[in-house]
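For ligands, and for the atoms within them, numbers begin at 1 and follow the listed sequence. Along the sequence shown, the residues carry numbers beginning at 1.
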Amino acid sequence: MKVRTRFAPSPTGQLHIGGLRTALYAYLFARQNGGDFILRLEDTDRVRLVEDAAQVIYDTLKAAGLQYDEGPDIGGPSGPYVQSERKDLYRKYAEELVEKGAAYYCFCTPERLDALREEARAKGEQFKYDKCCAKLSPEEVRDNLEAGMPYVIRQNVPTEGATSYNDLIYGEVSVPNADMEDNVLLKSDGYPTYNLANVVDDHLMGITHVIRGQEYLSSTPKYNLLYDALGWEKPQYIHLPPVMRDKQNKLSKRHGDASYQDFAGRGYLPQAIVNYIALLGWAPPDEEILSLDELAEQFDLSSVSRSPAIFDEDKLRWMNGEYIRRLPKEEFIALARPYFESSLDDPDTYDLALLADMIQPRLETLDQIPEKTAFISRLPEFDPELYRHKKMKVTPEGALGYLRAARPVLEGLAEFTVPYVHDAMMKLVEQLGIKNGQLLYPLRIALTNTAVTPGGGIETAVLLGPEETMRRINLAIENLADYAEKQGA
Ligand code: GLU
């Protein structure tokens, strides 16, 4: 039996972290078993549909590397893979369920249902449909249908006994039948509800392992009753614990930052997001930084934890930094380019390989690039206090002297490259009989007017080029001289 898993999102907006984790686990499980991973769009709730959401799902799965074997945009033998294109199938099986007594036509008006709901509320009870239409005779049903009365088809759940199944993660789940509702299977608009569609599709698509969120754990017995009524073999169920923001609160769409797109837009790398998401509920045997192939090798669905996973953005940031550092330089530059473009007037006038050397080791997310490179195109205001560093024995007065000494040396350089500037500065340090930092620290401040920057004075000078370097050194000398004069006065 070939393993077949599916990811079945509703196209209602962005792809959220919890959803992506479901997709990832289904993908990894299919991969490691030489099986198929299928994408199906569950778009039968027509009011919740969001335009372009399907495209967002295709793009996200592709960006994350979760390539599906069958799906709406690529087709496959069990298509169509969009539920709204399968309406006739659901009707056929809904009618078959009616014939078998596992479902019935319900003609109750919205007014009657509202009154029942109101009654339940007044009694402080949970609303449950009263099976009124289950008692209609076949003739009454036929007459109503012929008269064109609007109807839904409801599941006919037994009122006694219990229905149980075995979930791979949660173990035995048993629900008294009396606790289950006669849910609508086919709506009056002819669309199925999830209750029917998930069963019909998982069966017809040959899904062997249903991997989905824990919110379906207790309604699965109801779906199993439909499998039984139709004489179909049930899949293995794997319900996943929720992803939480903290112990009390679910990570939800309302918290804005919980979607894949948000993280990608804030400079997280797809591989880092995927790697981190894999750890939400599962722990690898040793190394945590794992490629998709390594995850597919090591992932173990049966050891997924039952307790809710807590989403820890600090850990994701750390992991993202690791991924950024491991990027080949060219790839880093390509990914960083849009961020360079937002902070540098004209990125191509700079040695981007040198800039990459300076910042690549110091980033956790790519969107830190503009802030860390802001000084390059726009020198911030002079601040004499930046030239004070106790441990390095740097003072504004000392800085002024050393910068004055550095100026002619830098001006006279044959080549303005890191080795040349470095040698010249080291010689000067020796001549002056000072520590490296006493010269290099003021040099860096003069060039950046920023307390913390990526890279030291030498790389910064080379990055800015000789002209801009001299302009900034001259400016610093002028400002420091003014300052010293005012101090002296
Ligand atoms: N469309 C459902 C959802 O987005 C899918 C649940 C399932 O995987 O069966 O929650």
Side-chain angles (χ1 to χ4, degrees), residues 3-30 35-50 53-54 56-58 60-61 66 68 70-72 78 80-87 89-90 93 155 165 167-170 173 183-185 187 191-227 232 234-243 250-254 258-261 277 281 301 304:
V3 164
R4 282 171 66 83
T5 65
R6 87 308 191 266
F7 177 49
S10 304
T12 54
Q14 308 286 43
L15 193 43
H16 289 266
I17 293 301
L20 191 61
R21 185 202 48 182
T22 304
L24 174 63
Y25 283 9
Y27 168 87
L28 294 175
F29 187 73
D36 297 324
F37 172 57
I38 291 137
L39 175 66
R40 175 172 84 222
L41 290 184
E42 306 209 321
D43 62 343
T44 60
D45 189 349
R46 308 303 288 173
V47 278
R48 286 174 63 226
L49 291 191
V50 171
V56 169
I57 291 167
Y58 307 149
T60 305
L61 292 177
L66 310 186
Y68 35 93
E70 299 165 29
S78 318
Y81 295 90
V82 181
Q83 289 186 328
S84 57
E85 293 167 23
R86 300 167 65 80
K87 270 171 85 182
L89 281 169
Y90 306 120
Y93 288 107
Q155 182 169 2
Y165 72 103
D167 183 86
L168 188 72
I169 293 172
Y170 289 86
V173 178
N183 280 133
V184 172
L185 299 177
K187 297 182 274 187
Y191 280 95
T193 60
Y194 176 79
N195 306 307
L196 175 64
N198 91 89
V199 171
V200 169
D201 287 348
D202 284 339
H203 172 73
L204 294 182
M205 294 180 181
I207 303 304
T208 56
H209 295 75
V210 167
I211 301 172
R212 65 183 165 206
Q214 173 247 32
E215 60 268 33
Y216 299 99
L217 186 70
S218 59
S219 32
T220 296
K222 225 167 11 192
Y223 312 146
N224 281 342
L225 290 172
L226 297 178
Y227 278 94
W232 292 345
K234 294 182 276 284
Q236 167 73 59
Y237 292 102
I238 300 100
H239 288 96
L240 303 175
V243 180
K250 265 184 117 171
L251 193 64
S252 81
K253 309 176 193 200
R254 268 170 296 131
S259 84
Y260 171 88
Q261 284 72 19
I277 284 179
L301 196 51
V304 167

For R212, counting its heavy atoms only, list the atoms of ligand 1 lying under 4.0 Å from any of them.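 Those atoms are 7 (C), 8 (O), 9 (O).
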Taking the ring of Y216 and the ring of Y194, is the distance between their centroids below 6.0 Å? yes
Is the gap between the ring centers of Y237 and Y165 under 6.0 Å?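 Yes, close enough.
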Atom pair CD1 (I17) and CD1 (I277), whose distance is rounded to the nearest 0.5 Å: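 Result: 4.0 Å between the selected atoms.
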What protein heavy atom sits nearest [atom], and how far away is it?
atom	result
atom 5 (C) of ligand 1	A8 O, 3.0 Å
atom 3 (C) of ligand 1	Y216 OH, 3.4 Å
atom 8 (O) of ligand 1	R6 NH1, 2.7 Å
atom 9 (O) of ligand 1	Y194 OH, 2.4 Å

Working note: E42 + R40, criterion side-chain contact (heavy atoms from CB on, under 4.5 Å); need CA distance, chi angles, decisive distance, verdict. CA-CA 6 Å; E42 306 209 321; R40 175 172 84 222; 2.9 Å; yes
Is there any N or O on E42 that sits under 3.5 Å from an N or O of ligand 1?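 There is such a contact, yes.
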Would you tell me whether D201 and Y90 have side-chain atoms, one donor and one acceptor, within less than 3.5 Å of each other?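 Yes.
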Can R212 and H239 be counted as having a side-chain donor-acceptor contact under 3.5 angstrom?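 Indeed, the side chains of R212 and H239 share at least one donor-acceptor pair under 3.5 Å.
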Report yes or no: does a heavy atom of S10 sit under 4.0 Å from some atom of ligand 1?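 Contact present.
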